[in-house]
Protein chains: 2
Amino acid sequence: MDTTQRTGQQRSADRRRRELLEAADRVVLRDGPQASMNAIAAEAGITKPILYRHFGDKGGLYAALAKRHTDALLDSLRAALDAPAERRERVEATLDTYLAAIEARPQVYRFLMHPSDGSAGEHGFDVGKHSAPLLRRMGEELAQVIGDRLDLGPGGRQLARVWGHGIVGMMHAAGDWWLGERPCSRAELVRSLADLLWGRLAAAGDKVGGPGF
Amino acid sequence: MDTTQRTGQQRSADRRRRELLEAADRVVLRDGPQASMNAIAAEAGITKPILYRHFGDKGGLYAALAKRHTDALLDSLRAALDAPAERRERVEATLDTYLAAIEARPQVYRFLMHPSDGSAGEHGFDVGKHSAPLLRRMGEELAQVIGDRLDLGPGGRQLARVWGHGIVGMMHAAGDWWLGERPCSRAELVRSLADLLWGRLAAAGDKVGGPGF
DNA sequence: ACTCTCGAGTTACCGCTAGTAACACACGTT
DNA sequence: AACGTGTGTTACTAGCGGTAACTCGAGAGT
């Protein structure tokens, strides 16, 4: 890869950094979570130590990479959450936005959430330490919105935090399962999850022949 | 390591396998997700190749280790789910059982769910590929129970699966967050999550001064 | 014009990992 | 006595994250 087409070196370090991140992105999209520092360096047309100078260590590069996607996703989610519509519609829009995102770039989100579950090899990114932040950030963000807008009485702030993390976890796990098995359309999944959040679990009747769940 | 204190070799391979698993368990409890094959072999008083003869590869050992804990946890959850009580009480009991389990052995469950998020070092178990099965199994199991007992009308089976995975994800994410921050008691967390499942999100009133969430 | 500095980039390495090949010893069987 | 067979070892490969030490080339100073 002859990336230095022009010997222009007035490129700031920031610009370089962005180039490296884009190269990393490409590799992650191609190789999935198996992307190695060597591969990323090669894709960027340079060698490892430069990567380390820019990002400190693998975690630093990962964090930078994750921040981009996380920020983008959070922006989308915020937009869905702020849409002028009924509460139920907003919830569905938010769920749908998240699911659409992981559907559009499954490898990226698999990379962000699931450490090295690619097809071959075993030495992948150790994402575990950093996958939490993504879910945590989403959880905290959602908690903020819930706490800001809903009147939950005393202790509502804490309740909102629990719910924020819980709902994000629900969304994540269901999305993950759905992405793997594709048992239904996205719309159906959204509807089902919203129904769950809307208390249909509590409202459902027992099946004939025994005590209910 | 003179492990052959007695030349007793009538020990069946199964017995040996269980010993190895127990050693692995000990190491995981001590070192967390950083446990390496070398460390486990050393703890068992043997060397690596034997581990590989018994478990094939790291994934095999991990799978065997995970199966033990997963089975045990699932048994507990089933018991809580089958207790003779109201639906809400059962849900709370199940949540509490899960949370009590991860509270009692945080390192084990961190190991099962989070790949290599230990304090130091970076080369840990690549659990990512295997953490899904645990959550998947719990999700499917819960889906089974929900589908068996609740009358959800047409498409109820699929709805139950979505809910199973969603609820498990909620439980997992909330538990994970709670274990890290301990923002409240276990009972409070259980109650908050059950409230969420019981539709309090939909029922809550908007806060004064703007449209609701 | 010559040197000096300095930063970008390289090669070559370390220590670690998962995983394997090849060898060594003790046992019950024929 | 000779022979597999199971159990264990040592010594190795290949690849990873990460780093030390070197090289090279562009500007600044005199």
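In what follows, chains carry the letters A, B, and so on, assigned in the order in which the sequence lines appear, proteins first and then strands, with residues in each chain numbered from 1.
When the P atom of dC12(D) is taken as reference, atom CE of Met37(B) falls 22 Å away, rounded to whole Å. For the pair Arg17(B) CZ and dT7(D) C1', the computed distance is 17 Å after rounding to whole Å. Between the CG atom of Leu20(B) and the P atom of dT7(D) there is a distance of 11 Å, given to the nearest Å. Atom C1' of nucleotide dG18(D) and atom CG of Leu61(A) are separated by 14 Å, given to the nearest angstrom. The interatomic distance linking Tyr52(A) (OH) with dC13(C) (C1') rounds to 14 Å, in whole Å. When rounded to the nearest whole Å, the span between CG of Asp31(B) and P of dT17(C) equals 11 Å. Here the P atom of nucleotide dG6(D) and the CG atom of Asp14(B) are 14 Å apart, to the nearest Å. Look at CZ on Phe55(B): it is 15 Å from P on dA18(C), rounded to the nearest Å.
Using a 4.0 Å cut-off between charged side-chain N and carboxylate O, Arg17(B) and Glu22(B) make no salt bridge. A salt bridge is defined here as a Lys NZ or Arg NE, NH1 or NH2 lying under 4.0 Å from an Asp or Glu carboxylate O, and Arg18(A) with Asp25(A) fails to meet this definition.
Judged by the 6.0 Å distance and 45° axis criteria, Arg88(B) is positioned over the aromatic ring of Trp198(B). With a 6.0 Å cutoff to the six-membered ring centre and a 45° limit on the axis angle, Arg161(B) does not count as a cation-pi contact of Trp163(B).
The aromatic rings of Tyr109(A) and His69(A) sit perpendicular, their planes meeting at an angle over 60°, well past the 30° parallel limit.
The backbone N or O of Gly60(A) lies less than 3.5 Å from a partner atom in the side chain of Asp57(A), making a donor-acceptor pair.
Partner Asp96(B) forms a salt bridge (Lys or Arg N to Asp or Glu O under 4.0 Å) with one of Arg90(B), Arg186(B), Arg191(B) and no other, that one being Arg186(B).
Minimum interatomic distance between Leu51(A) and Leu20(A) (heavy atoms only, all atoms of both residues): CD2-CD1, 4.2 Å. The two atoms that bring Gly164(A) and Leu142(A) nearest to each other are O-CD2, 3.8 Å, heavy atoms only.
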Show me the protein contacts with nucleotides 10-12 of chain C, counting only N or O atoms at under 3.5 Å.
from	atom 1	to	atom 2	distance (Å)
dT10(C)	OP2	Thr47(A)	N	3.0
dT10(C)	OP2	Thr47(A)	OG1	2.4

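Between the two ends of the helix from dA1(C)-dT30(D) to dT30(C)-dA1(D), each summarised by a five-pair axis, the helix axis turns through 30° (rounded to 10 degrees).
With dA18(C), dG9(C), dG17(D) as the choices, the nucleotide that has an atom nearest any side-chain atom of Lys58(A) turns out to be dG17(D).
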